S.K.: 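Provided herewith is a single structure, encoded as structure tokens, for subsequent inquiry.
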Amino acid sequence: MMSNLHVANLELAGAAALDFSAWALAKQARIEQVLGLVLPPENSAPHKLHSAMRYSALGGGKRVRALLCYAASELCETEMSVADAIAGAVELIHAYSLVHDDMPCMDDDDLRRGKPSCHKQYDDATALLVGDALQSLAFEMLAQPDLCAEAAHQISMLNMLAKASGSTGMAGGQAIDLDSVGKMLTQTELETMHHLKTGALIKAAVLLGAVASSAEKITALRIYASNIGLAFQVIDDILDVEADTSILGKTAGKDADSNKPTFVSLLGLQPAKQYAQQLYENAISALAPFGDSALRLRELAGFITQRNF
Ligand code: GRG
């Protein structure tokens with residue numbers, strides 16, 4: 001199993017001189033291959049669990065978090081083997097969160113990434129275990145021996161991912177979200193919830209590859225990540241109102257049906273769009289000190305705020 005974690009020698013396209021869509025396609029293919037190697041094979045026991053893990057983590061999703069990991073790692077000149085481990089770990093945590101979020105005890109959704117959600121395709125108990133096992137695999141990936149030349153950097157990364165996904169990060173945000181159904185939240189409360197639920201992992205995706213960087217660089221990246229994390233959620237709320245289920249690959253109109261507070265219900269559709277634009281501009285401003293070397297992060301901010309799925 002451990003040998004599968006060494007994926008640095010993948011023969012995939014380099015990034016130099018590629019336009020954004022070619023760069024993103026290459027990186028999406030790369031993360032698919034990284035995850036395909038790290039996830040246990042379906043023909044290994046326990047078969048159902050391994051099959052359901054691969055079903056949930058492979059072959060779908062925009063891979064925005066992995067793209068952010070690769071873009072920030074390129075900016076910080078982080079080794080590709082480390083970037084792969086970071087991107088894989090973050091995507092595994094994200095996949096686990098989606099599997100659990102879709103379960104009847106949470107958001108209760110039958111559709112994810114254009115196919116039946118894990119608990120519909122398999123069963124509730126398997127979905128619970130898939131989330132658990134994907135989370136453990138994420139930490140196994142990031143904890144692989146000798147991943148980083150400096151052990152202290154690796155420990156910092158593990159610490160950062162644990163905090164981003166735990167009760168003062170994503171899981172905490174989900175707890176507030178579940179508790180907010182049917183309530184009116186202020187904009188500050190809504191922002192706090194989403195900084196945790198969606199923003200914490202997006203911030204980790206940007207900052208994990210920067211652990212060895214200067215304090216100034218990390219501060220600028222933190223501002224960038226905080227703004228795109230929130231922008232991601234504002235756009236998610238807008239798409240829930242404006243986009244079709246067939247394009248989203250998940251059930252549209254879910255927020256209103258579940259009586260959830262959103263940026264659209266709080267601000268209105270047009271002001272929510274202006275707010276997303278403001279967050280985008282804040283993120284771009286934070287990248288100014290990096291000049292051309294932050295091109296991919298700039299393009300990703302554009303992708304996140306202009307996406308239609
Ligand atoms: C269960 C601990 C736990 C947490 C769940 C992130 C989350 C917390 C739930 C997802 C619910 C949701 C739809 C949130 C809105 C923002 C979001 C994370 C959307 C899904 O992310 P995308 O659009 O998904 O990046 P893909 O499929 O493209 O990877």
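First listed ligand is number 1; within each ligand, the first listed atom is number 1. Remember, it's a predicted structure, so these values are computed and weren't measured experimentally.
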S.K.: Indicate if Ile218 and Tyr224 have the same hydrophobic cluster label, given that clusters are the connected sets of ILVMFWY residues with side-chain heavy-atom separations under 4.5 angstrom.
M.R.: yes
S.K.: Counting non-hydrogen protein atoms only, what is the nearest one to atom 15 (C) of ligand 1? Give residue, atom name and distance.
M.R.: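 So the nearest neighbour among protein heavy atoms is Asp236 OD2, 3.2 Å.
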S.K.: Which atoms of ligand 1 have any heavy atom of Asp101 under 4.0 Å away?
M.R.: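 This gives 1 (C), 9 (C), 10 (C), 11 (C) as the contact atoms.
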S.K.: Show me which atoms of ligand 1 lie under 4.0 Å from any heavy atom of Gln233.
M.R.: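 Heavy-atom distances to Gln233 below 4.0 Å select 15 (C), 16 (C).
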S.K.: Hey, are Asp84 and Ser81 close enough side-chain-wise for a donor-acceptor pair under 3.5 Å?
M.R.: no
S.K.: Any luck finding a side-chain donor-acceptor pair between Ser51 and Tyr122 under 3.5 Å?
M.R.: yes
S.K.: Answer yes or no: is there an ion pair linking Asp107 with Lys260, defined by an N-O contact shorter than 4.0 Å?
M.R.: yes
S.K.: I need the nearest protein heavy-atom contact for atom 25 (O) of ligand 1: residue, atom name and distance, please.
M.R.: Arg65 NH1, 2.7 Å
S.K.: For Glu91, run the salt bridge (charged side-chain N to carboxylate O under 4.0 Å, His left out) check against Arg63, Arg65, Lys62 and tell me which one passes.
M.R.: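 For Glu91, the salt bridge (charged side-chain N to carboxylate O under 4.0 Å, His left out) check succeeds only for Arg63.
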S.K.: Is the closest N or O pair between Arg113 and ligand 1 shorter than 3.5 Å?
M.R.: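 Yes, Arg113 has an N/O under 3.5 Å of an N/O on ligand 1.
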S.K.: For atom 13 (C) of ligand 1, what is the nearest protein heavy atom, given as residue, atom name and distance?
M.R.: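 Of the protein heavy atoms, Lys250 NZ, 3.5 Å lies nearest.
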S.K.: Tell me if the NZ atom of Lys254 is crowded by more than 12 foreign heavy atoms within 6.0 Å.
M.R.: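 Result for NZ/Lys254: enclosed.
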S.K.: Whether Lys250 engages the ring of Phe309 as a cation-pi pair (distance to the six-membered ring centre under 6.0 angstrom, angle to the ring normal within 45°) should be assessed.
M.R.: no
S.K.: Given Lys254, Lys62, His94, identify the one with the heavy atom nearest to atom 29 (O) of ligand 1.
M.R.: His94
S.K.: Relative to the heavy atoms of Lys197, which atoms of ligand 1 are at a distance of less than 4.0 Å?
M.R.: 6 (C), 8 (C), 14 (C)
S.K.: Which residue and non-hydrogen atom of the protein lie closest to atom 2 (C) of ligand 1, and at what distance in Å?
M.R.: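 For atom 2 (C) of ligand 1, the nearest protein heavy atom comes out as Tyr96 OH, 3.4 Å.
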S.K.: Below 4.0 angstrom from a heavy atom of His100, which ligand 1 atoms are there? Numbered from 1 as shown, please.
M.R.: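 Those of ligand 1 that fall under 4.0 Å from His100 are 1 (C).
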S.K.: Any idea which part of Val64 is under 4.0 Å from ligand 1, heavy-atom wise: side chain, backbone, both or neither?
M.R.: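 Under 4.0 Å from ligand 1, Val64 contributes no heavy atoms.
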S.K.: Could you identify the single nearest non-hydrogen protein atom to atom 17 (C) of ligand 1 and state the distance to 0.1 Å?
M.R.: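 It is Phe232 CE2, 3.9 Å.
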S.K.: For Gln28 and Trp23, which I'm curious about, is there any donor-acceptor pair between the side chains at under 3.5 Å?
M.R.: no
S.K.: Show me which atoms of ligand 1 lie under 4.0 Å from any heavy atom of Gly61.
M.R.: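 Near Gly61, meaning under 4.0 Å from one of its heavy atoms, ligand 1 has 26 (P), 27 (O), 28 (O), 29 (O).
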S.K.: Quick one: look up the protein heavy atom nearest atom 8 (C) of ligand 1 and list residue, atom name and how far away it is.
M.R.: Gln174 OE1, 3.4 Å
S.K.: Nearest 0.5 angstrom please: Arg113 CZ to Cys118 SG, how far?
M.R.: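 Interatomic distance, Arg113 CZ to Cys118 SG, rounded to 0.5 Å: 11.5 Å.
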S.K.: May I ask you to check whether Ser97 has an N/O atom sitting below 3.5 Å from an N/O atom of ligand 1?
M.R.: no
S.K.: Could you tell me whether the side chains of Gln154 and Glu150 share a donor-acceptor contact shorter than 3.5 Å?
M.R.: no
